[in-house]
Protein chains: 2
Amino acid sequence: MSKEATMEVLIIEDDPLHRSYLHDAVRAALPECDTVLEAENGRIGEGLARQHRAAHIVMDLQMSERNGIEAARTIWKERPDTRILFWSNYADEAYVRGVSRIVPEGAAYGYVLKSASDDRLKLALRGIFMESQCVVDREVRGMQQKSLGNSHGFTDVEYEILIDIALGLTDRMIARRQNLSLRSVQNRLQQLYEKLDVYQRLGDDGDEGRYNLRSRAVSVAFLRKLINYSALERAEAELNEWLGIK
Amino acid sequence: MSKEATMEVLIIEDDPLHRSYLHDAVRAALPECDTVLEAENGRIGEGLARQHRAAHIVMDLQMSERNGIEAARTIWKERPDTRILFWSNYADEAYVRGVSRIVPEGAAYGYVLKSASDDRLKLALRGIFMESQCVVDREVRGMQQKSLGNSHGFTDVEYEILIDIALGLTDRMIARRQNLSLRSVQNRLQQLYEKLDVYQRLGDDGDEGRYNLRSRAVSVAFLRKLINYSALERAEAELNEWLGIK
DNA sequence: GCGAAATATGCGGGATCCCGCAAGACAATC
DNA sequence: GATTGTCTTGCGGGATCCCGCATATTTCGC
């Protein structure tokens, strides 16, 4: 084994076409890479990462068997210095937030959209794997700021309660889960409704367009991509875990 | 123009890789096809279909600008004999049901998963475009039967009320929309809760796992892929239209 | 330390939701 | 026609949700 330039890259990606495209891109961008592993979903990817002690991973977020965020979380839990490039179709706030929540202190990672050019992808590959940089696409970055800066975005508490009502919990249950009084939960809910611009227009004549605030909030959160299927899936798993512990 | 074998195929697909793969597949499967048009989202696809009077279309369902079901609906509304092959990643009940709802009487169409083999895709292309057959993948077919046969599936009324609570409407509003009494709406809701296996387990000790049935129903419907983002998006559009008319 | 602002909690009432009970409407079957 | 089954509607009550008002607690800047 020559001391210079030996490197292994693991690709975790649902779609065969995208997988082979990624494979080519990795080969082209990283001549020092001598082996490329491929996994077709998160579960298999986790296994391969563990088995090969993979240090360089590029993965999709939206996968059927086990989505990218779950896989990344367990991988990072075992080896926090793993470098991961997320290569996704979308910059939904749910994804961006999900990633931000799990990236370990000081880890090198990236978030590049599939719609990005070849060059952007290759630059990101080199930046993260060779230079330990963090490379985040502009579109994603914009979402991140809107998400964290609470100008128009949502604080973590608001987000958590949003998840809880999306899961269908009662106020009382949420209170217990978040260690709050019932009234506080309701307070936060109102806060949330306001930010989501959800309100019952009890029209002057008494029966204008009228929503169930709780359900409506979940609805617009979905439409605004604040939450999506995979976020819900993860939240459901966490809830069940908590219910088990309790 | 020779009287034999002149044919135009329109491809509507988000992803460049998939688009070019489709292009190749069409060329290979249909030598009688002399022109292939490409559109990168539903909106553009609709325009091209209208402009070229496209009779043969293959399209993705999940697209950003305007999803496949919406596009297909307007296309079929203008020319119901258009032959459309849906080529999708998923067989979510929401998609399958959405397609079944819009396919015109006696139209030739197909539903093939992206995970299918080259041969399956090519067979479907020839079957639909040349032989006017309906070609539906086995996995999708299974979903369709489960959906229509009410063994474990949902009737249309149940599905409609599910959509309505997913949109966040109140009982009263739903009643008005469906032309029902308030009590009937609540009846159907209970029917829905039962089928979704959603119930408040007011545990023996009084405070066991407890859900808000309405929100929880939406939640599990999402997790079971009875509804998904694009279904919600469509429903929201229809709701706004109705609100405008009213 | 000390106000100010944000957040958490309690109380209470009106609206909505969940649902058992029962009576009428309609269709299908015998 | 009688019966059975499904669907609809009304009534009523208990639980939950939505939210205004008031008080405590925490957080932050100075």
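Throughout, protein chains are lettered first and strands after them, A, B, ... in sequence-line order, and every chain is numbered starting at 1. Bear in mind the structure is a predicted one, so any value in this text is a computation, not a measurement.
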Engineer: Output the rounded distance in Å from CG (A:N212) to C1' (C:dC17).
Structural biologist: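 Taking atom C1' of C:dC17 as the reference, CG of A:N212 is at 8 Å.
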
Engineer: Which heavy-atom pair separates A:F129 from A:R83 by the least distance, and what is that distance?
Structural biologist: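 Of all heavy-atom pairs spanning A:F129 and A:R83, the closest is O-NH1, 2.8 Å.
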
Engineer: Rounded to 10°, tell me the angle between the two end axes of the helix from C:dG1-D:dC30 to C:dC30-D:dG1, each built from five pairs.
Structural biologist: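 End-to-end axis angle: 40°.
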
Engineer: Without decimals, in angstroms, what is the distance between A:Y193 OH and D:dG20 P?
Structural biologist: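 From A:Y193 OH to D:dG20 P: 13 Å.
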
Engineer: Report, one pair per line, the protein and nucleotides 25-28 of chain D atoms (nitrogen or oxygen only) whose separation is under 3.5 Å.
Structural biologist:
none

Engineer: Can you give one letter per nucleotide of nucleotides 4-12 of chain D, going 5' to 3': B for a protein heavy atom under 4.0 Å from the base, S for sugar-phosphate only, - for none?
Structural biologist: ----BBBB-

Engineer: In chain order, what residues pass the ring pair (Phe, Tyr, Trp, His ring centres under 6.0 Å) check against A:Y109, with sequence neighbours excluded?
Structural biologist: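 Counting only residues at least two positions away or on another chain, A:Y109 forms no ring pair (Phe, Tyr, Trp, His ring centres under 6.0 Å).
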
Engineer: With A:N240, which residues qualify under side chain to side chain contact (heavy atoms under 4.5 Å, CB included), at least two apart?
Structural biologist: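 For A:N240 the side chain to side chain contact (heavy atoms under 4.5 Å, CB included) partners, ignoring immediate neighbours, are A:E236, A:L243.
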
Engineer: Partners of B:R120 by salt bridge (Lys or Arg N to Asp or Glu O under 4.0 Å), sequence neighbours excluded?
Structural biologist: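 Counting only residues at least two positions away or on another chain, B:R120 forms a salt bridge (Lys or Arg N to Asp or Glu O under 4.0 Å) with B:D137, B:E139.
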
Engineer: Only pairs at least two apart or in different chains count here, so list each salt bridge (Lys or Arg N to Asp or Glu O under 4.0 Å) that has a residue in residues 177-192 of chain B.
Structural biologist: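 Residue pairs with at least one partner in residues 177-192 of chain B: B:D164-B:R177.
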
Engineer: Could you check how far CG of A:L192 sits from P of D:dC19, rounded to whole Å?
Structural biologist: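 Atom-to-atom, A:L192 to D:dC19, this comes out as 12 Å.
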
Engineer: Could you check how far CG of A:L189 sits from C1' of D:dT16, rounded to whole Å?
Structural biologist: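 Atom CG in A:L189 sits about 12 Å away from atom C1' in D:dT16.
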
Engineer: Would you mind reading off the distance between A:E194 atom CD and C:dA6 atom P, rounded to a whole angstrom?
Structural biologist: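 Rounded to whole Å, this separation is 13 Å.
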
Engineer: By side chain to side chain contact (heavy atoms under 4.5 Å, CB included), which residues pair with A:A55, not counting sequence neighbours?
Structural biologist: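 None.
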
Engineer: Ignoring backbone atoms, test whether B:R210 places a side-chain nitrogen or oxygen under 4.0 Å from the OP1 or OP2 oxygen of D:dA15.
Structural biologist: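 Answer no for this pair, as no side-chain N or O of B:R210 is under 4.0 Å from OP1 or OP2.
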
Engineer: Just jot down the salt bridge (Lys or Arg N to Asp or Glu O under 4.0 Å) partners of A:R66, sequence neighbours excluded, or say none.
Structural biologist: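 Scan of A:R66 (salt bridge (Lys or Arg N to Asp or Glu O under 4.0 Å), adjacent residues dropped) gives A:E46, A:E70.
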
Engineer: Between atom CZ in A:R172 and atom C1' in D:dT16, what is the gap in whole Å?
Structural biologist: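 Rounding to the nearest Å, CZ of A:R172 and C1' of D:dT16 are 8 Å apart.
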
Engineer: Who passes ring pair (Phe, Tyr, Trp, His ring centres under 6.0 Å) against B:Y95, sequence neighbours left out?
Structural biologist: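 Partners of B:Y95 under the ring pair (Phe, Tyr, Trp, His ring centres under 6.0 Å) test: none.
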
Engineer: How many whole angstroms separate atom CZ of A:R216 from atom C1' of C:dC17?
Structural biologist: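 Checked: the CZ to C1' distance equals 19 Å.
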
Engineer: Using a strict 4.0 Å threshold on nitrogen-to-oxygen distance, state whether A:E158 and A:R97 make a salt bridge.
Structural biologist: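 Judged by the 4.0 Å cut-off on N to carboxylate O distance, A:E158 and A:R97 do not form a salt bridge.
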
Engineer: Which residues pass the salt bridge (Lys or Arg N to Asp or Glu O under 4.0 Å) test with B:E233, not counting sequence neighbours?
Structural biologist: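 Not a single residue meets the salt bridge (Lys or Arg N to Asp or Glu O under 4.0 Å) criterion with B:E233.
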
Engineer: Starting from P on C:dA6, measure out to CG on A:D156 and report it in whole angstrom.
Structural biologist: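 One finds 19 Å between P of C:dA6 and CG of A:D156, rounded.
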
Engineer: B:A175: what forms a side chain to side chain contact (heavy atoms under 4.5 Å, CB included) with it, not counting sequence neighbours?
Structural biologist: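 Only B:V185 meet the side chain to side chain contact (heavy atoms under 4.5 Å, CB included) criterion with B:A175.
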
